[in-house]
2 protein chains.
Amino acid sequence: MYEIFQKYIEEKAEFTPAESERIQSFAIIKKLRKRQYLLQEGDVWKYDAFITQGCVRTYTVDDKGSEHVNSFSIENWWTGDRESLMMQAPSRFNIDAIEDTELVLFTHENFELLCREIPSFNHMVNTILQRSFIAAQNRIQASLTLTAEEKYLNFISKYPGFASRIPQTMIASYLGMTPETLSRIRKQTAKK
Amino acid sequence: MYEIFQKYIEEKAEFTPAESERIQSFAIIKKLRKRQYLLQEGDVWKYDAFITQGCVRTYTVDDKGSEHVNSFSIENWWTGDRESLMMQAPSRFNIDAIEDTELVLFTHENFELLCREIPSFNHMVNTILQRSFIAAQNRIQASLTLTAEEKYLNFISKYPGFASRIPQTMIASYLGMTPETLSRIRKQTAKK
DNA sequence: TCAAACTCTTGATCTAGATCAAGTTTTTAC
DNA sequence: GTAAAAACTTGATCTAGATCAAGAGTTTGA
């Protein structure tokens, strides 16, 4: 499924055939079965990972054993733990597959090499990072200003399609509320 | 106060004298009096802004007129609205000075030019962006997992010194709680 | 320098959402 | 195909933190 990644980068920037080949030469294809881990808490994350098919979640587990979902990533998105990658430190996060998933991985050394060698690749990566940062800012803003119901409505309007493929329990966790609260909200909003 | 910025970039990367001069040639020095705006909601943000002295806050105002503080930035940090900058769209944020403040501004065109011309500048900017993203992720994680008291303790341990120069009302807003709640938490924790 | 306007504190009360509990439906795995 | 395990729903009750209110500092600006 490398073609999906190929198509993605060609939409974002221009590459010569030689550059495309260079990029592909570093790509590692990885498949995950549903529930399989991509990263476990305590391990150091070493890749830049792009999803070509499927869906993963990034979450932490607290002292009481409850899970807190930090993010979902589906096809045409990136995943991983940037903090662990950058600091070369053990990750606080777990990442596992919600569905059978296919990814394209690059070791971070190779990824940085590509950034240095290919200006348009570097520029693309930078743009993606900026967008990720903006999305994170918006999520913070939402968590400060919205009620539980507004958070849910905001979520489904921002990510239509997610609600149908991700269990409600996980969505509730992502939104910072209990599954019971989400269930009641859904009942409420369905009426309207 | 350009020297403070000079010192900052030299700690982050290596620059030839010609490069340093090139960077400085684009710098705009800006001073803000306490309460003065750097950016008002509805305006398009056009700069990359570094604080050499002082402190600003970034916040939104909701329909009911209440303010929600998104972030504080002090000397040796960057500020601005990346979303407005990137999309060239009116900002949802206000940025104003909590203290008399001095900044170094670059128009975004000049800033991008510097990124293209000077690889170490580009690399530095990229690193900063990555760190900002990581910080945003951590803030999301904290907002999902911590109680009000834990959020406050986390804040003062992460940003010692902030508590003494920023009004409590604003800190409460940043942490997503009311000033009354923060006041009570401070009373509680002072005892221990 | 002094009144007006903020800022912080403390108490009383309220409420959105959490927790606990139990039943129902859906998914999974052999 | 079916039993066990998850996932979801619904109701009853509880609680962290919000809201409302009022007094005590502190800052500010003419």
Side-chain angles (χ1 to χ4, degrees), chain A residues 32-36 54-55 57 59 61-69 72 96-101 142-156 162-191, chain B residues 32-36 54-55 57 59 61-69 72 94 96-100 142-156 162-191:
Chain A
L32 293 177
R33 301 295 307 281
K34 187 171 176 174
R35 293 210 181 76
Q36 200 181 332
C55 180
R57 75 203 235 259
Y59 63 100
V61 180
D62 68 21
D63 337 315
K64 284 158 227 134
S66 28
E67 298 176 354
H68 301 272
V69 176
F72 302 112
D96 65 16
I98 294 178
E99 308 167 354
D100 291 353
T101 297
S143 91
L144 287 176
T145 59
L146 305 183
T147 62
E149 179 174 354
E150 288 166 343
K151 281 177 199 168
Y152 175 67
L153 294 175
N154 181 50
F155 174 77
I156 54 173
F162 272 44
S164 58
R165 56 199 281 200
I166 298 171
Q168 275 184 48
T169 320
M170 293 182 190
I171 294 175
S173 171
Y174 173 85
L175 295 174
M177 64 187 74
T178 59
E180 292 94 329
T181 296
L182 182 54
S183 173
R184 283 185 252 261
I185 285 169
R186 282 168 56 89
K187 196 184 171 190
Q188 284 298 92
T189 58
K191 274 188 206 161
Chain B
L32 294 177
R33 301 295 308 281
K34 188 172 174 172
R35 292 209 182 75
Q36 201 180 331
C55 181
R57 77 205 235 258
Y59 63 100
V61 180
D62 68 21
D63 337 315
K64 283 156 227 133
S66 27
E67 298 176 354
H68 301 272
V69 176
F72 301 113
N94 300 279
D96 66 15
I98 294 178
E99 307 167 356
D100 290 354
S143 90
L144 288 175
T145 59
L146 304 183
T147 62
E149 179 174 354
E150 288 165 344
K151 281 177 197 168
Y152 174 67
L153 294 174
N154 181 50
F155 174 76
I156 54 173
F162 273 43
S164 58
R165 55 199 283 200
I166 299 171
Q168 276 184 48
T169 320
M170 292 182 191
I171 294 175
S173 170
Y174 173 85
L175 295 174
M177 64 187 74
T178 60
E180 292 95 330
T181 295
L182 181 54
S183 174
R184 283 184 252 261
I185 285 169
R186 282 168 56 88
K187 197 183 170 191
Q188 284 297 91
T189 58
K191 274 188 208 162

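A note on names: the letters A, B, ... follow the listed sequences, proteins ahead of strands, and every chain is numbered from 1.
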Length of the CG-P vector between A:L182 and D:dA7, whole Å
14 Å

What's the CZ-P distance between A:R184 and D:dT10, to the nearest Å?
9 Å

With hydrogens left out and only the distance checked, is there a donor-acceptor pair under 3.5 Å joining B:E180's side chain and the base of D:dC20?
yes

In whole angstroms, how far is the C1' atom of D:dA16 from the CD atom of B:E150?
12 Å

Examine the base of D:dT27 for any acceptor or donor lying under 3.5 Å from a partner atom in the side chain of B:R35, and report the outcome as yes or no.
no

What is the separation between atom NZ on A:K187 and atom C1' on C:dT24, rounded to the nearest whole Å?
14 Å

Donor-acceptor pair under 3.5 Å: do we get one between B:R33's side chain and the base of D:dT28?
no

Kindly calculate the angle separating the two end axes of the helix from C:dT1-D:dA30 to C:dC30-D:dG1, each obtained from five base pairs, and round it to 10 degrees.
60°

Can any side-chain N or O of A:S173 pair as donor or acceptor with the backbone N or O of A:E67 at less than 3.5 Å?
yes

Describe the nucleic acid contact of B:T178 in one word from base, sugar-phosphate, nothing, applying a heavy-atom distance below 4.0 Å.
base

Are any non-hydrogen side-chain atoms of B:C55 and B:E99 less than 4.5 angstrom apart?
yes

Interatomic distance where CD belongs to A:E99 and C1' belongs to C:dT28 [whole Å]
16 Å

Can you find a side chain N or O atom of A:T169 that sits less than 4.0 Å from OP1 or OP2 on D:dA6?
no

Whichever of A:S183 and B:M177 has the more 5' nearest nucleotide on DNA chain D, that residue is A:S183

A:I166 CD1 to D:dC8 P, straight-line distance once rounded to whole Å
11 Å

Select from A:P179 and B:L146 the residue whose nearest nucleotide in DNA chain D is closer to the 5' end of that strand.
A:P179

Heavy-atom closest pair (A:A148 atom, A:M177 atom, distance to 0.1 Å) is O-CE, 3.4 Å

What is the distance from CD of A:Q168 to P of C:dT27, rounded to the nearest Å?
12 Å

Could you check how far CE of B:M170 sits from P of D:dT27, rounded to whole Å?
14 Å

Can a side chain N or O of A:T181 be found less than 4.0 Å away from OP1 or OP2 on C:dG17?
no

Tell me, do A:L144 and B:S143 make a side-chain contact under 4.5 Å, heavy atoms counted?
no

Measure from the side-chain N and O atoms of B:R165 to the backbone N and O of B:G54, and report whether any donor-acceptor pair falls under 3.5 Å.
yes

Using OP1 and OP2 only, check whether a side-chain N or O of B:K34 sits under 4.0 Å from D:dT28.
yes

In terms of ring plane angle, is the pair A:Y174 and A:F72 parallel, tilted or perpendicular, where the classes change at 30° and 60°?
tilted

What residue among A:K34, A:R57, A:Q36 forms side-chain hydrogen bond (donor to acceptor under 3.5 Å, both in side chains) with A:D96?
A:R57

Does the side chain of B:Y152 reach to within under 4.5 Å of the side chain of B:L182, using non-hydrogen atoms?
yes

Nearest of D:dA7, D:dT19, D:dG11 to any side-chain atom of A:P167?
D:dA7

